[in-house]
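Below is one structure, written out as structure tokens, with a few remarks after it.
Keep in mind that the numbers below use all heavy atoms, side chains included, and drop hydrogens, waters and symmetry copies. Chain naming here is simple, since letters A, B, ... match the order of the sequence lines and numbering starts at 1 in each.
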Amino acid sequence: MIDLKVLRENPDLIRSTLKKRGVTLDLDEMIEKDKERRTRITEVQELKQQRNALSEEIGQLKRQGEEPAELMAQARDLAHKIKEKEDNQREIEQKFSELVQWIPNIPHDSVPVGTDAESNKFVRGMKTTPKTDFEVLPHWDICEALSMLDLKRAPKISGSRFILYKGMGALLERSLINFFLDLHTTKHGYTEIFPPILNPTDCLYGTGQLPKLEADMYRCRDDAFYLAPTAEVPLTNMHREEILLEKTLPIKYVAYTPCFRREAGSYGKEVRGITRVHQFNKVELVKYATPEQGYSEFEGMLSDAEAVVKMLELPYRVMLLCTGDMTFASAITYDIEVYAPGMDEWLEVSSISCYEQYQARRANIRYRKPGKGVDFVYTMNGSGLATPRTFIAIVENYQTKDGRIRIPTVLQKYMGTEYISK
RNA sequence: GGAGAGGUGGCCGAGCGGUCGAAGGCACCCGCUUGCUAAGCGGUUUCUCGUCGAAAGAUGGGACGGGAGUUCGAAUCUCCCCCUCUCCGCCA
């Protein structure tokens, strides 16, 4: 949720935001609705003020033993009028808030303007793709050969775009999750959370998946739950409707969860292998911070995620996403991409976003500044990391000429071996 | 799933139709005092939405789990829902 003051006082800022993001919304309608809404509020308030004065008077007379029938009749009339006006006002309020939910966050000044990934900006890391001295197999081939994935049987259970890990593949997956969690809890100071991942509508509005991404999520038929598309949802909603103490900030959480995405509209893209799937594992980082702490904590989160690819010794680069490639609620997003030589592609393994106060406004997450009132917190999150593509990168980068896979040093203690072979 | 108890400010906790935005405590902030790692005393401080104002602030509405209702008037009464606790049942 944007700050409504901006809508009133500086609508051009929002207009330029919409333009930068390539979003079309009827802003004038919203501004109009907002005005109407405030007029109605004032009307209702005036009536209530009258009623309160009358009630007060009646109360006093009654205490003196009188029975002010006429005043009471007057008050009754007022009460009817109030009810009518109030119903109407609530309706307008409702419509307005539905409209306003569609306004995306205002991008940070450093975010490049553009319509798609072409305009993303290289920040650091590897500039060119590394060369290998032999033909590297794409992950689907090497993993079949080493019985790490069962690409034939996954569809039998759940359909296309589901992963069935097997044997050393399953162990590698589990090892990655454990390595990520251990690193962030012991080295980076995050508190581990293992949250529920069936989340109600309110939570998805809170983090900004709804209303926009409705079609991209799985929904339960008999209960009002969505399957969380990311642990960001439970982790960020943990403190919804709370006023936190300033001294408790920043709060840093890490959680492993499976993530569920319908990937509606992506048919035909990236069909081969396990780059784009309906269910995947991810270790997610979430922070709550004060606005002052905000951007340094955000940079810290980026380096926490970056530490993972560094330790895995994968070729990677950090990209700053342009306005058109960023999600709706984000003010700024970095992607970490790793290179997969078998596919000859850069794969996004982490997306680190700062929402400033956008999510906090929606989920009503505030903090108290001692002696200086309350304000919304900054929220941010980042993958640290998502497994399928990390898995791909390992399998493709660590292939040996003789068809084995060497295990990255940091994973060896989790895997109990140095190589995966037939 | 059944029975009972309960959900009040940042936290704990009183209140059970009008004088209650809510005693008291903790915490916070501001003073003062004392001066063996810190304590004592006094004071302040709920949140939210309108309106006016550059702001400080002024003024009004609302909020006691959520929603509906009764009433001139609801934290207090009624109904529905949610959640927590205790007991029983069922069950991975």
Pair A:E246 + A:K369: basic N to acidic O under 4.0 Å: no

5′-ward residue of the pair A:R51/A:R366 relative to RNA chain B: A:R366

side-chain N/O A:K83 vs B:G69 OP1/OP2, d < 4.0 Å: yes

For B:A23, the Watson-Crick or wobble counterpart (both distances under 3.5 Å): none

Touch class at under 4.0 angstrom, heavy-atom based, for A:R40 against every strand present: nothing

Ring-ring centroid check A:Y165 A:F391, cutoff 6.0 Å: yes

Heavy-atom neighbours of A:Q64 CD exceed 12 at 6.0 Å: yes

Output field: ring centroids A:F298/A:Y378 closer than 6.0 Å: no

Paired nucleotide for B:G6 [Watson-Crick or G-U wobble; both distances under 3.5 Å]: B:C83

Touch class at under 4.0 angstrom, heavy-atom based, for A:V44 against every strand present: nothing

Strand partner of B:G57, provided both Watson-Crick or wobble distances fall under 3.5 Å: B:C52

Touch class at under 4.0 angstrom, heavy-atom based, for A:I243 against every strand present: sugar-phosphate

Watson-Crick or G-U wobble partner of B:G1, both distances under 3.5 Å: B:C88

Spacing between A:N364 atom CG and B:G65 atom C1', to the nearest angstrom: 15 Å

Sugar-phosphate, base or nothing in reach of A:R361, heavy atoms under 4.0 Å: nothing

A:N52 side-chain N/O to B:G60 phosphate OP1/OP2 under 4.0 Å: no

Complementary nucleotide for B:G40 - Watson-Crick or wobble, under 3.5 Å: B:C32

A:R76 vs B:U71: side-chain N/O to OP1/OP2 distance below 4.0 Å: no

Distance under 6.0 Å and angle within 45° of ring axis: A:K33 vs A:F96: no

Over-ring placement of A:R404 relative to A:Y419, 6.0 Å and 45° cut-offs: yes

From B:C72, B:A68, B:G50, nucleotide with atom closest to A:R90 side chain: B:A68

Pairwise C1' distance, B:C41 and B:U34 [rounded to whole Å]: 10 Å

Parallel, tilted or perpendicular: rings of A:H188 and A:H184 (30°, 60°): tilted

B:G60 base / A:Q45 side chain donor-acceptor hit below 3.5 Å: yes

Integer angstrom distance from the C1' of B:G67 to that of B:A74: 15 Å

Nucleotide nearest A:I58 when distance is taken to its side chain, options B:G18, B:G69, B:G50: B:G18

Spacing of the C1' atoms in B:G25 and B:C81 (rounded, Å): 34 Å

Between B:C80 and B:A27 - C1' atom distance, rounded Å: 37 Å

Comparing A:L4 and A:K48 on RNA chain B - which has the more 5′ nearest nucleotide: A:L4

Shortest side-chain distance from A:R368, nucleotide among B:A68, B:G18, B:G10: B:G10

Nucleotide forming a Watson-Crick or wobble pair with B:G18, both distances under 3.5 Å: B:C72

Nucleotide paired to B:C47 in any strand shown, Watson-Crick or G-U, under 3.5 Å: B:G62

Options B:G73, B:U51, B:G61, nucleotide nearest the side-chain atoms of A:Q49: B:G61

N or O in side chain of A:R37 less than 4.0 angstrom from B:U51 OP1/OP2: no

Rounded C1' spacing from B:G31 to B:U44 in Å: 10 Å

